[in-house]
Amino acid sequence: MAGSVQILGTGQLLTLSRKMRAAGGPRLRQNFSRRIRRAAEPLHKDLQKAIRNQPLVSEGRKAGKRGGPSPTTRPFRQMLAGGIRISVRSGAAPGARVWIDKSQLEPKAGNVPWQIQDGRLRHPVFGNRKRWSSQYARPSGWWSKTVAAGTPRMQAEVQRILGDVRRDLT
């Protein structure tokens, strides 16, 4: 599974980027970048919504077991949703990228989004590395399913933007 969704490096985007550079116009480049970002924002929001609403089911507590406070400083799903980012380039490799920024996650939660994607989250119980628990994401595939649903819309919007900018350049 890929770690990010990218619409970049296609021949049309490269040709258009060269023409924009030759035509000068920082306003044209800024407009292009802003519109590409806007094309990626619905997918970004859908991914955040998908992880916020992803159910995680566990076996529950066994008889005689105790609970305790969460060792993290932020709500779990909110932290994961906050790590989803968009980056836009208009230079040599123009395009948009939606990705998970691990620096925005809790230090020990680096691979958690991909474990949830695979359907099973295994973690220590309240930080105790001698006791482990498994939680199951039902349905699994929050990233791949959301990307598959949102990519055609994003690609259509990028094609429309390319046509508009190409029209402005001629």
Side-chain angles (χ1 to χ4, degrees), residues 1-57 74-107 109-121 135-170:
M1 184 197 122
S4 64
V5 180
Q6 299 181 28
I7 305 280
L8 53 89
T10 65
Q12 293 174 343
L13 286 173
L14 287 171
T15 304
L16 196 60
S17 178
R18 287 186 192 116
K19 285 183 180 179
M20 285 190 333
R21 205 174 311 125
R27 182 191 65 77
L28 186 62
R29 270 195 306 267
Q30 288 172 348
N31 185 27
F32 176 72
S33 294
R34 186 184 75 246
R35 291 182 67 190
I36 293 290
R37 177 176 290 280
R38 282 188 184 160
E41 281 175 356
L43 179 60
H44 176 247
K45 299 292 183 205
D46 290 347
L47 285 167
Q48 287 181 327
K49 183 179 177 184
I51 194 64
R52 281 189 189 113
N53 297 328
Q54 176 67 54
L56 292 174
V57 182
R74 309 185 266 178
F76 181 66
R77 288 180 183 86
Q78 187 67 28
M79 171 200 56
L80 295 175
I84 300 172
R85 298 273 185 246
I86 300 175
S87 59
V88 176
R89 292 188 210 168
S90 61
R97 179 177 171 217
V98 180
W99 53 289
I100 294 183
D101 185 1
K102 287 187 178 183
S103 69
Q104 297 297 312
L105 304 179
E106 293 285 334
N111 290 329
V112 167
W114 310 124
Q115 289 181 14
I116 295 173
Q117 162 69 21
D118 293 338
R120 180 176 175 226
L121 174 61
Q135 289 182 288
Y136 301 94
R138 302 286 188 251
S140 63
W142 71 275
W143 180 271
S144 58
K145 289 177 184 175
T146 307
V147 166
T151 300
R153 177 181 55 195
M154 187 173 160
Q155 287 174 330
E157 182 66 19
V158 168
Q159 288 298 324
R160 193 173 66 79
I161 293 166
L162 288 172
D164 291 349
V165 173
R166 213 179 282 121
R167 212 174 12 260
D168 288 347
L169 288 173
T170 56

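Values below: every heavy atom of this structure, side chains too, minus hydrogens, waters and symmetry copies.
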**Student:** Distance check, rounded to the nearest 0.5 Å: L80 atom CG versus L105 atom CG?
**Tutor:** 6.0 Å
**Student:** Check for a donor-acceptor pair, side chain of Q48 on one end and backbone N or O of A81 on the other, with a separation under 3.5 Å.
**Tutor:** yes
**Student:** Could you walk me through whether V98 and V147 pass the side-chain contact (heavy atoms from CB on, under 4.5 Å) test, one step at a time?
**Tutor:** CA-CA 10 Å; V98 180; V147 166; over 6 Å; no
**Student:** Once rounded to the nearest 0.5 Å, what's the spacing between atom CG of D46 and atom CE of M154?
**Tutor:** 11.5 Å
**Student:** Check the pair I116, V112 against side-chain contact (heavy atoms from CB on, under 4.5 Å), reporting the backbone distance first and the verdict last.
**Tutor:** CA-CA 6 Å; I116 295 173; V112 167; 3.8 Å; yes
**Student:** Donor-acceptor check, side chain of W142 to backbone of P113, threshold 3.5 angstrom: yes or no?
**Tutor:** yes
**Student:** Nearest 0.5 Å, what's the CD-CG distance between E157 and L43?
**Tutor:** 13.0 Å
**Student:** Any side-chain donor-acceptor pair under 3.5 Å between Q117 and S144?
**Tutor:** yes
**Student:** Give me the atom names and distance for the closest heavy-atom approach of W143 to W99.
**Tutor:** CH2-CA, 4.2 Å
**Student:** With R77, which residues qualify under side chain to side chain contact (heavy atoms under 4.5 Å, CB included), at least two apart?
**Tutor:** L56
**Student:** Under 4.0 Å between a Lys/Arg side-chain N and an Asp/Glu carboxylate O for R38 and E41?
**Tutor:** no
**Student:** Quick one about R138 and Q54 (side-chain donor to acceptor, distance below 3.5 Å, no hydrogens or angles considered), yes or no?
**Tutor:** no
**Student:** Under a 3.5 Å threshold, yes or no: a donor from one side chain and an acceptor from the other, between R120 and Q115?
**Tutor:** no
**Student:** Would you say D101's side chain and S103's backbone share a donor-acceptor pair under 3.5 angstrom?
**Tutor:** yes
**Student:** Starting at CG of D118, measure out to CG of N111 and round the result to the nearest 0.5 Å.
**Tutor:** 10.0 Å
**Student:** Let me confirm one number: the CZ-CD1 distance from R37 to I161, rounded to the nearest 0.5 Å.
**Tutor:** 12.5 Å
**Student:** So, taking the atom named CZ in F32 and the one named CG in D164, what distance separates them when rounded to the nearest 0.5 Å?
**Tutor:** 11.0 Å
**Student:** Keeping the roles fixed (side chain from K145, backbone from P139), state whether a donor-acceptor pair exists under 3.5 Å.
**Tutor:** no
**Student:** Quick check: does any side chain N or O of H44 sit under 3.5 Å from a backbone N or O of I84, one acting as donor and the other as acceptor?
**Tutor:** yes
